[in-house]
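Encoded as structure tokens, the structure appears first; notes follow it.
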2 protein chains.
Amino acid sequence: MDPHLLRTFTTVARLASFSAAARELGYTQSAVSQHIAALEGDLRTDLLTRRPVAPTPAGARLLEHAGPLLLRLDAARADVLRLAAAPPGRVTLAVSPLSVGPRLLAALPASGVALRVLPAAEVPAAVATGGCDLGLVDGLAAASDPLRLPDVAPLTVTGVAEDPLAVLLPAGHPCAERAELRLDDLADARWIHAPDIVAPPPGSRTALRYRGTDLHGLCALAAAGHGLVLLPLRVARTAAAGVAVPLAATRLVHRSELLAPGTTTGAAAALALRLTAGSPYGT
Amino acid sequence: MDPHLLRTFTTVARLASFSAAARELGYTQSAVSQHIAALEGDLRTDLLTRRPVAPTPAGARLLEHAGPLLLRLDAARADVLRLAAAPPGRVTLAVSPLSVGPRLLAALPASGVALRVLPAAEVPAAVATGGCDLGLVDGLAAASDPLRLPDVAPLTVTGVAEDPLAVLLPAGHPCAERAELRLDDLADARWIHAPDIVAPPPGSRTALRYRGTDLHGLCALAAAGHGLVLLPLRVARTAAAGVAVPLAATRLVHRSELLAPGTTTGAAAALALRLTAGSPYGT
DNA sequence: CCCGGTTACGCTTGTCGTAAAGATT
DNA sequence: AATCTTTACGACAAGCGTAACCGGG
């Protein structure tokens, strides 16, 4: 269960080829073959079928563990190295699309910050492994509850914003005239599932799958009637087309949180302070 | 960042001694010294002070990562091995003290089950690393919200019970006659902090620290006026002494959840079914 | 036969233990 | 002086690459 072996294993599984994995990792085919053999010998189970190369059930199970494991390992290394490293000159901020709000816009102009837009699910990893100095994530949660984030590393989590939710409807939709909606009212509706932007409401059915982090395109699709989208009211109102109807009688709110690694110094620490200053939302 | 090196590092840090760690791990002092040197060389930072042996700041940081990391590694190995292993003859169920409720008592008699009482924080690890076949954890959460559990491994989590909360007061307490209480009413009160049994209410101050999983002793202390305790109403009512007053106007409930590893077979699967059958509480 | 994974084998490197040296109280 | 960590060194094993081998399209 050497991490090197796990890394080779995940690479082989991802590329479905020993030789391609060898090229990517800078090994020879032979070494890759030996790595897999070592893992399989250690666990006394086949992990991959050859020809075609695909994970066995045991291999699939191991794959579920290997990703988070290697991530945590990178995070640990990055975190310790960060202690000794000089504070970054230019701060890189990982943001999920909907986490960009007034608070960030107000805090930004002060210094040279590079933004990096990532799906919410990837922001914690980006901060933990040192790719970015700070992160802003958003998601749906019960009011004043912190978001559920994958714990890749011990990160400092601070709430920075909470917004009520709204549904973005096409102009002609039967509910478009109403002052507010409940999720029950839309029980039969189809939603656009855009996992890189917003989690869909629990238990909803999917009309269309939308990949990528482009919010504008998503709103356009919703306005054109291809499916409903749940957005922070603040964002839904600014959509060029479509009608934003506030969501009532729900415990859910849209929440944004700042993620900071254990060590935050220099310009990154200053930005973190501006982002959280006077925030009414706790850890 | 070889796991072996991390393991000796954590052992040395825990025992504050190279030689003691060597004895525990079955190495020579020399090997331990080389392990630490290898880690320090790899990260280009001192991790431990010698004489006395104690973690440096960087070392302390690494320690925070090392524990969860090694746990996940064990969990991965155990999970894959469990796929091939024969279903256990006797099921071992890890339970946190307050997770033992009517549902478990009803499901138990059917077969030979061994119970293992652990602090709630250790139950997920016990299930993930294969020490136990199933786990029951409890904790405080917003109504119908799942508990926040450390994700040591991808476990199947199923809610099995929710209970209203109560405060256990000594007989003469000013609030003891009231029909119900709010947490605000007790803002100045001191609580017994028993981390292995119940999380204290958020923001409370501690009168006494109580270690161990013995519920009876905790109730006795509370009844004797050494501090308040927050318990599921069901449990508080059965306390031999003391007065149980229901907690009102809170989002918090006491919740129990069943943890199952990815692979659950035989008698363990049957028990899991009985425990969750007809449960109104979701994932 | 060609492509791709496996096996054999030699070389290099790494890891451990023994033992001597060094440091700290 | 005693205790505990570090360093030196030799033995052994592990890991990688080269190259030969094999099995399926």
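Just so it is clear: chains get the letters A, B, ... in the order the sequence lines come, proteins before strands, and each one is counted from 1. Keep in mind the model is a prediction, meaning the values are calculated, not measured.
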* Rounded distance in Å - CZ (Arg50(A)) to C1' (dC22(D)) -> 15 Å
* Asked: Taking the six-membered ring for Trp, are Tyr27(B) and His35(B) ring centroids under 6.0 Å apart?
  -> yes
* **Student check: side-chain heavy atoms of Arg23(A) and Ser19(A) closer than 4.5 Å** => yes
* Structure fact -> Separation of dT6(C) atom P from Asp46(A) atom CG, nearest Å, is 10 Å
* Asked: In whole angstroms, how far is the C1' atom of dA2(D) from the CZ atom of Arg51(B)?
  -> 11 Å
* Interatomic distance, Phe18(B) CZ vs dA23(C) P [rounded to whole Å] -> 16 Å
* Donor-acceptor pair under 3.5 Å: do we get one between Thr28(A)'s side chain and the base of dT18(D)? -> no
* Asked: What is the distance from CG of Leu15(A) to P of dG5(C), rounded to the nearest Å?
  -> 11 Å
* Hey, is the main chain of Thr28(A) close enough, under 3.5 Å, to the side chain of Ser30(A) for a donor-acceptor pair? -> no
* Please state whether the base of dT18(C) and the side chain of Ser30(B) form at least one donor-acceptor pair under 3.5 Å? => yes
* Asked: Can you find a side chain N or O atom of Tyr27(A) that sits less than 4.0 Å from OP1 or OP2 on dG17(D)?
  -> no
* Asked: In whole Å, what is the span from the CG atom of Leu25(B) to the P atom of dT15(C)?
  -> 16 Å
* Asked: Distance check: side-chain N/O of Ser19(A) vs OP1/OP2 of dG4(C), anything under 4.0 Å?
  -> no
* Asked: Contact class for Val53(B) (heavy atom, under 4.0 Å): base, sugar-phosphate, or nothing?
  -> sugar-phosphate
* **N/O (side chain, His4(B)) to phosphate O (OP1/OP2, dT15(C)) under 4.0 Å** => no
* To do: Calculate the interatomic distance between Gln29(A) atom CD and dC3(C) atom C1'; express it in whole Å.
  => 9 Å
* Asked: If we only count heavy atoms from C-beta on, is the Asp133(B) to Thr264(B) side-chain gap below 4.5 Å?
  -> no
* To do: Grab the CD-C1' distance between Gln34(B) and dT5(D) for me, whole Å please.
  => 12 Å
* **Any Ser33(B) side-chain nitrogen or oxygen under 4.0 Å from OP1 or OP2 of dT6(D)** => yes
* Does atom CZ of Arg116(B) have more than 12 heavy-atom neighbours, drawn from other residues, nucleotides or ligands, at distances under 6.0 Å? -> no
